[in-house]
Amino acid sequence: MTSDSWRSLRLIFFGFAALSSCASPQQGHGTLYASSTLDASRPLNSSRTLELARERGLVDVRKVIPGITIDLRYATADNITGHSIYPPHMPCLLRTETAEKLKRAQAILQAQGYGLRIWDAYRPPEAQETLHKAGGSTGMFLSPNAGWSRHCGGIAVDLTLVDAQGNQQRMPTGFDQDFAHAGINYRGSDPVVAQNLRILQAAMKQAGFIQLESEWWHFDDAEYLNNPQPIVYGWRIALPGMSPP
C-alpha cells in the first residue's frame, strides 16, 4: 500500500526541495487537501488524463502490460475509508521505467503459471491525505506533513499473486488488513501462503523492486531510492474532484 512506514528511507525520496513538484505542504502547490474536496463521482476524461500523465512521465500500465489483472481498491468501497476515493475508470499509472520493471516481473511469473494483480499504483497526493485522515492511526499511511508516499510519484505498487486463470492466491493477509501480521517475513503455519509469498517476492526482486518490510503487498522501484522523482498532483492530470489551491 505505501512506503509510508519506511521512516529510514523517507527522507531520501522527499528531502529534495529543489524539485518544485516535490514541494513540502507549506510550499506553493503542496497545499494539503481535506477529504471533502475529493468527489469520486465526477466523470473522468480518460484521454486527457492519460495525455497529461504521459507529459509527467506516467504511463498506462494496461498498455505496457496487456492482460495484467488490475483491481484498484481505492476506486471501490473495499478499502479503509469505506468508499471510493478514486474517480470511476481511474487509470492504473506508473512511471515508465517502473512499469517496464513490472512487465518483467509479470513475465517471470507467467513462466511459472502465475501473474500479478495490482491493488494500487500511482496515487494522487490528494488521495494520500484522505487515506491518512481515515487510517493514520494504523501506521500504514504517512502524514503529508511529514512527506509523501512513493505512490504519489508513480514508483511504488501494491499487488498480489494470481494463477494463470486470474484466481487470487492465498497470502499472509488481505490488502490494508491485519497490519500486525502483514510484514514480509511470514511467521504463520500455512505452507501454501509461505510458498506463494516466496514466489511473488523472488519475481519482484529479480525485476528490480524492493519491499516495504511492514507490508508484503508493497514494492518500491529500487532504481529510485536514491533518485527521487517528482510527485504528481491529481489536478495536474485532470483527475475529477481535485482542484489547484
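Reckoned from all heavy atoms, side chains included, excluding hydrogens, waters and symmetry mates. Every value quoted in this text rests on a predicted model; they were computed, and no experiment measured them.
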A.B. asks: So, using side-chain contact (heavy atoms from CB on, under 4.5 Å) as the criterion, who are the partners of Gln169 when residues are at least two apart?
C.D. replies: Tyr114, Leu161, Asp163, Asn167, Asn196
A.B. asks: Restricting to side-chain hydrogen bond (donor to acceptor under 3.5 Å, both in side chains), what partner residues turn up for Gln168, sequence neighbours left out?
C.D. replies: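 Expected list: Arg117.
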A.B. asks: Filter on salt bridge (Lys or Arg N to Asp or Glu O under 4.0 Å), then keep only pairs touching residues 62-77, sequence neighbours left out; what's left?
C.D. replies: Asp71-Arg73, Arg73-Asp78
A.B. asks: Work out which heavy atom in Ala156 is nearest to a heavy atom in His151; give both atom names and the distance.
C.D. replies: O-ND1, 3.4 Å
A.B. asks: Heavy atoms only: give me the nearest Ser149-Gln128 pair and the separation to one decimal.
C.D. replies: CB-OE1, 3.7 Å
A.B. asks: Are Leu159 and Val162 joined in one hydrophobic group, where the rule is that I, L, V, M, F, W and Y side chains link up if heavy atoms are under 4.5 Å apart?
C.D. replies: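 Leu159 and Val162: separate clusters.
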A.B. asks: Assess, by modelled atom type and distance only, whether the side chains of His218 and Asp120 contain a donor and an acceptor separated by less than 3.5 Å.
C.D. replies: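 No.
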A.B. asks: Rounded to the nearest 0.5 Å, how far does CD of Gln211 lie from CD of Glu213?
C.D. replies: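 Reported value, rounded in 0.5 Å steps: 9.0 Å.
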A.B. asks: Please tell me whether Leu52 and Leu44 are part of a single hydrophobic cluster in this structure, the criterion being side-chain heavy atoms less than 4.5 Å apart.
C.D. replies: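 In one cluster with Leu52: Leu44, yes.
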A.B. asks: For the CZ atom of Phe209 and the CD1 atom of Ile155, what is their distance to the nearest 0.5 Å?
C.D. replies: 10.5 Å
A.B. asks: Among all residues two or more places apart in sequence or in another chain, which pass the side-chain hydrogen bond (donor to acceptor under 3.5 Å, both in side chains) test with Thr173?
C.D. replies: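 Partners of Thr173 under the side-chain hydrogen bond (donor to acceptor under 3.5 Å, both in side chains) test: Trp216.
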A.B. asks: Are Met204 and Val157 packed together at the side-chain level, in the sense that at least one heavy-atom pair is separated by less than 4.5 angstrom?
C.D. replies: yes
A.B. asks: Write down the atom of Ala127, the atom of Tyr86, and the distance for their closest heavy-atom approach.
C.D. replies: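 Distance-wise, the nearest heavy atoms are CB-CE2, 3.7 Å.
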A.B. asks: Quick one: side-chain contact (heavy atoms from CB on, under 4.5 Å) partners of Ala77, sequence neighbours excluded?
C.D. replies: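 Partners of Ala77 under the side-chain contact (heavy atoms from CB on, under 4.5 Å) test: none.
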A.B. asks: Mind checking side-chain hydrogen bond (donor to acceptor under 3.5 Å, both in side chains) for Ser47 and listing every partner two or more places apart, or none if nothing turns up?
C.D. replies: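 Testing Ser47 for side-chain hydrogen bond (donor to acceptor under 3.5 Å, both in side chains), a comparison that skips the adjacent residues, returns Asn45.
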A.B. asks: Ser84 versus Thr76: any side-chain heavy-atom pair under 4.5 Å?
C.D. replies: no
A.B. asks: Testing the 3.5 Å rule here: is there a donor-acceptor pair between the side chains of Tyr74 and Asp176?
C.D. replies: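 Judged by distance alone, the side chains do pair up.
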A.B. asks: With sequence neighbours left out, write down each residue that passes side-chain contact (heavy atoms from CB on, under 4.5 Å) with Val64, or none if nothing qualifies.
C.D. replies: Val59, Ala99, Glu100, Lys103
A.B. asks: Between the main-chain N or O of Asn227 and the side-chain N or O of Gln229, is there a donor-acceptor pair closer than 3.5 Å?
C.D. replies: yes
A.B. asks: For Tyr233 and Tyr122, work out which heavy atoms get closest and say how close.
C.D. replies: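 Looking at all heavy atoms of both residues, the closest pair is C-OH, 3.7 Å.
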A.B. asks: What residues form a side-chain contact (heavy atoms from CB on, under 4.5 Å) with Ile108, not counting sequence neighbours?
C.D. replies: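 Partners of Ile108 by the side-chain contact (heavy atoms from CB on, under 4.5 Å) criterion, ordered by chain and then number, come out as Gln112, Ala203, Gln206.
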A.B. asks: Taking the side chain as every heavy atom from C-beta outward, state whether Arg198 and Tyr186 have any pair of such atoms under 4.5 Å apart.
C.D. replies: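 The answer is no, as the side chains (C-beta and beyond) never meet within the 4.5 Å cut-off.
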A.B. asks: Decide yes or no for Cys92 and Leu72: does some side-chain heavy atom of the first lie under 4.5 Å from some side-chain heavy atom of the second?
C.D. replies: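 In short, these two side chains touch, coming nearer than 4.5 Å.
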A.B. asks: Quick one: CD1 on Ile118 to CD1 on Ile70, what's the gap to the nearest 0.5 Å?
C.D. replies: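 Interatomic distance, Ile118 CD1 to Ile70 CD1, rounded to 0.5 Å: 4.5 Å.
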A.B. asks: What about Ile80 and Met90, same hydrophobic cluster or not, with Ile/Leu/Val/Met/Phe/Trp/Tyr joined at side-chain heavy-atom distances under 4.5 Å?
C.D. replies: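 Per the 4.5 Å side-chain linkage, Ile80 and Met90 are co-clustered.
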A.B. asks: I'd like to check the salt bridge (Lys or Arg N to Asp or Glu O under 4.0 Å) partners of Lys101; sequence neighbours left out, ordered by chain and number.
C.D. replies: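 If we apply the salt bridge (Lys or Arg N to Asp or Glu O under 4.0 Å) test to Lys101, skipping adjacent residues, the hits are Asp221, Glu223.
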A.B. asks: Measure across Gly154 and Leu58 and return the closest heavy-atom pair with its distance rounded to 0.1 Å.
C.D. replies: CA-CD2, 4.1 Å
A.B. asks: Taking all heavy atoms of Leu94 and all of Ala121, pick out the closest pair and write down the distance.
C.D. replies: CD2-CB, 3.7 Å
A.B. asks: So, the side chain of Asn79 versus the backbone of Thr81: is there a donor-acceptor pair under 3.5 Å, distance only?
C.D. replies: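 Confirmed, Asn79 side chain pairs with Thr81 backbone.
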A.B. asks: If I take atom CG from residue Leu200 and atom CG from residue Leu116, how far apart are they, to the nearest 0.5 angstrom?
C.D. replies: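 So the gap between those two atoms works out to 6.5 Å.
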A.B. asks: In chain order, what residues pass the side-chain hydrogen bond (donor to acceptor under 3.5 Å, both in side chains) check against Asn185, with sequence neighbours excluded?
C.D. replies: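 Here no residue qualifies.
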A.B. asks: When you look at NE2 of His89, are more than 12 heavy atoms from neighbouring residues, nucleotides or ligands closer to it than 6.0 Å?
C.D. replies: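 No, because the 6.0 Å sphere around NE2 of His89 holds 12 heavy atoms or fewer from other groups.
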A.B. asks: Does a side-chain heavy-atom distance below 4.5 Å link Glu97 with Tyr224?
C.D. replies: yes
A.B. asks: For residues 164-173, which residue pairs pass the salt bridge (Lys or Arg N to Asp or Glu O under 4.0 Å) check, not counting sequence neighbours?
C.D. replies: Arg170-Asp190
A.B. asks: Can you list everything that forms a salt bridge (Lys or Arg N to Asp or Glu O under 4.0 Å) with Glu51? Sequence neighbours excluded, please.
C.D. replies: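 Residues passing salt bridge (Lys or Arg N to Asp or Glu O under 4.0 Å) with Glu51: Arg48.
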A.B. asks: Do Asp158 and Trp217 have side chains that approach each other closer than 4.5 Å (heavy atoms only, starting at C-beta)?
C.D. replies: yes
A.B. asks: Nearest 0.5 angstrom please: Ile199 CD1 to Leu109 CG, how far?
C.D. replies: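 If I round to the nearest 0.5 Å, the distance is 8.0 Å.
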A.B. asks: To the nearest 0.5 Å, what is the distance between OG1 on Thr49 and CG on Leu93?
C.D. replies: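 Interatomic distance, Thr49 OG1 to Leu93 CG, rounded to 0.5 Å: 8.5 Å.
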